[in-house]
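Okay, so here's the structure we're looking at.
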Protein chains: 2
Amino acid sequence: MTDKQEDHDHSGVEFRGHPGRRVRADAQRNIDTLLQTAMAVFATSGVDAPVREIAEKAGVGVGTIYRHFPQRSDLIAAVFRREIDACADAAPVLAAQHEPGEALVRWVQRYVDFIAAKRGLAKALHSGDPAFDTLPAYFKKRLEPALKALLMSAASAGEVRPDVSAEELLGAVASLCMHAFTQGPEQARRMASLLVDGLRYGANSPPKYKKAARRKA
Amino acid sequence: MTDKQEDHDHSGVEFRGHPGRRVRADAQRNIDTLLQTAMAVFATSGVDAPVREIAEKAGVGVGTIYRHFPQRSDLIAAVFRREIDACADAAPVLAAQHEPGEALVRWVQRYVDFIAAKRGLAKALHSGDPAFDTLPAYFKKRLEPALKALLMSAASAGEVRPDVSAEELLGAVASLCMHAFTQGPEQARRMASLLVDGLRYGANSPPKYKKAARRKA
DNA sequence: ACCTGAACACCGTTCAAGT
DNA sequence: ACCTGAACACCGTTCAAGT
């Protein structure tokens with residue numbers, strides 16, 4: 001781990017069997033369009049949406065999809081990775097824009113919205129499809145450091161208790177979201193914010209003479 | 001609720017559009033065979049197994065399946081209801097065969113095995129398919145009283161703390177099982193038994209001078 | 001290199017013909 | 001009443017033909 005700047009392949013996509021090979025510009029454009037279109041279609045119609053529909057809306061032939069994503073599940077996995085990246089990347093932005101406690105709260109809400117919207121996630125992870133094999137590791141690799149940073153500065157600022165790890169918080173919230181599928185995303189948000197309130201309750205220093213009436217949502 | 005003996009339709013199947021109509025003997029035999037075959041196939045190949053495979057193994061035409069179960073999901077739901085029934089019916093049997101604490105432990109294991117084996121359950125419940133709409137209610141209606149009886153007599157015997165409801169225990173264990181899908185059913189069993197040990201720990205009267213070395217599993 | 005889309009295999013569901 | 005299975009619609013995936 002001596003890399004000073006780890007590449008999380010946000011935009012570029014590295015393909016099986018073509019390691020290090022540069023993709024042609026038009027192909028890369030197709031890939032981007034495909035991922036964006038697929039994300040939109042999955043969001044509205046679910047991950048079971050027909051491949052043909054995505055190809056049509058993206059303006060390409062079905063063959064193009066299969067050239068870049070050999071299996072239908074590879075496309076789904078790629079979209080998930082994109083959304084994980086977006087969620088992780090939101091952390092430093094929020095940290096720069098808000099004070100530590102508020103940044104943490106907002107990020108957790110963002111995380112909840114991400115998970116709660118993906119009713120296909122649990123299905124995918126337990127399908128046994130090898131395309132999803134690396135997804136849990138990627139999920140953890142990207143999201144845990146993101147939350148850890150927020151958690152640590154909030155703890156340093158005394159706004160939050162310091163004895164809860166990013167890993168268990170990530171897992172607990174995900175668990176709540178999965179369980180709240182039956183109830184809808186409102187329930188998930190409420191339970192998650194209850195959890196964060198719990199974090200605040202056990203902080204070293206209570207709100208004190210801080211502007212404590214800053215909650216609206 | 002003045003019925004002295006509620007009918008939980010264990011064996012008979014009541015059909016939409018034919019309320020009260022008796023089914024012919026050969027049809028009933030087909031239904032039973034179908035449910036048994038489907039249960040076996042789902043267990044080995046998962047709930048995505050082709051309808052044709054089930055029809056073939058049951059020795060009937062596909063049309064026969066669709067006559068009794070208009071949608072594929074109706075067959076899945078029927079199999080689930082059967083297994084829920086079997087699990088609920090195991091409670092009084094265990095209660096008659098073992099002392100209260102042991103009966104409770106054994107039933108929870110049975111329940112875990114039921115849930116942990118059904119990786120299709122979460123998928124089904126969140127699919128939005130109307131065939132599964134009544135399943136959660138049926139689940140609760142049958143399983144909650146079954147567990148409640150075990151829990152109450154174990155609590156009366158002082159083997160278990162009395163302040164945990166059947167509903168929350170049922171939910172907690174199911175939650176553990178769902179979450180343990182990634183790890184396999186072993187993890188689920190361990191966490192569930194930990195939970196029951198927790199119930200025991202807070203009992204009114206500790207093991208005392210009871211034959212406490214009765215655990216083997 | 002990359003793209004296209006007809007073609008193939010497979011699966012859920014229907015329904016005319018049988019008993 | 002009930003059963004059968006060919007037929008239909010639809011979807012994932014492939015690959016020969018194009019650029």
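Here is the naming used below: chain letters follow the sequence lines, and residue numbers restart at 1 for every chain.
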Got a sec, which residues hit salt bridge (Lys or Arg N to Asp or Glu O under 4.0 Å) with Asp113(A), two or more places apart in sequence or on another chain? Arg189(A)
Does dC2(D) have OP1 or OP2 under 4.0 Å away from a side-chain N or O of His68(B)? no
Would you please say whether a donor-acceptor pair under 3.5 Å links the side chains of Asn30(A) and Thr64(A)? no
Using a cut-off of 4.0 Å between protein heavy atoms and nucleotide atoms, how would you tag nucleotides 11-17 of chain C 5' to 3' with B, S and -? BBBB---
Whole angstroms only, please: what is the CZ-C1' distance between Arg67(A) and dG18(D)? 13 Å
Rounded distance [0.5 Å steps], NE2 in His68(A) versus CG in Asp74(A): 13.0 Å
Could you tell me how far apart Leu34(B) (CG) and dC2(D) (P) are, to the nearest whole angstrom? 14 Å
Per-pair distances, 0.1 Å, donor-acceptor, side chain in residues 37-48 of chain B, under 3.5 Å, sequence neighbours excluded:
from, atom 1, to, atom 2, distance (Å)
Thr37(B), OG1, Thr33(B), O, 2.7
Thr44(B), OG1, Ala40(B), O, 3.3
Thr44(B), OG1, Val41(B), O, 3.2
Asp48(B), OD2, Lys123(B), NZ, 3.3

Got a sec, which residues hit salt bridge (Lys or Arg N to Asp or Glu O under 4.0 Å) with Lys148(B), two or more places apart in sequence or on another chain? none
Considering just the side-chain nitrogens and oxygens of Asn30(A), establish if one lies under 4.0 Å of OP1 or OP2 belonging to dC3(C). yes
What pairs with Glu56(A) under salt bridge (Lys or Arg N to Asp or Glu O under 4.0 Å), at least two apart in sequence or on another chain? none
Return the nearest nucleotide to the side chain of Asp26(A); candidates are dT4(D), dC2(C), dT4(C). dC2(C)
Asp32(B) CG to dC2(D) P, in whole Å, measures 14 Å
Check this for me: does any side-chain nitrogen of one of Asp32(A) and Arg82(A) sit under 4.0 Å from a carboxylate oxygen of the other? yes
Dot-bracket, DNA chain C: Watson-Crick or G-U, under 3.5 angstrom, [ ] crossing, | other strand? ||.|||||...|||||.||
Parallel, tilted or perpendicular: rings of Tyr111(B) and Phe114(B) (30°, 60°): tilted
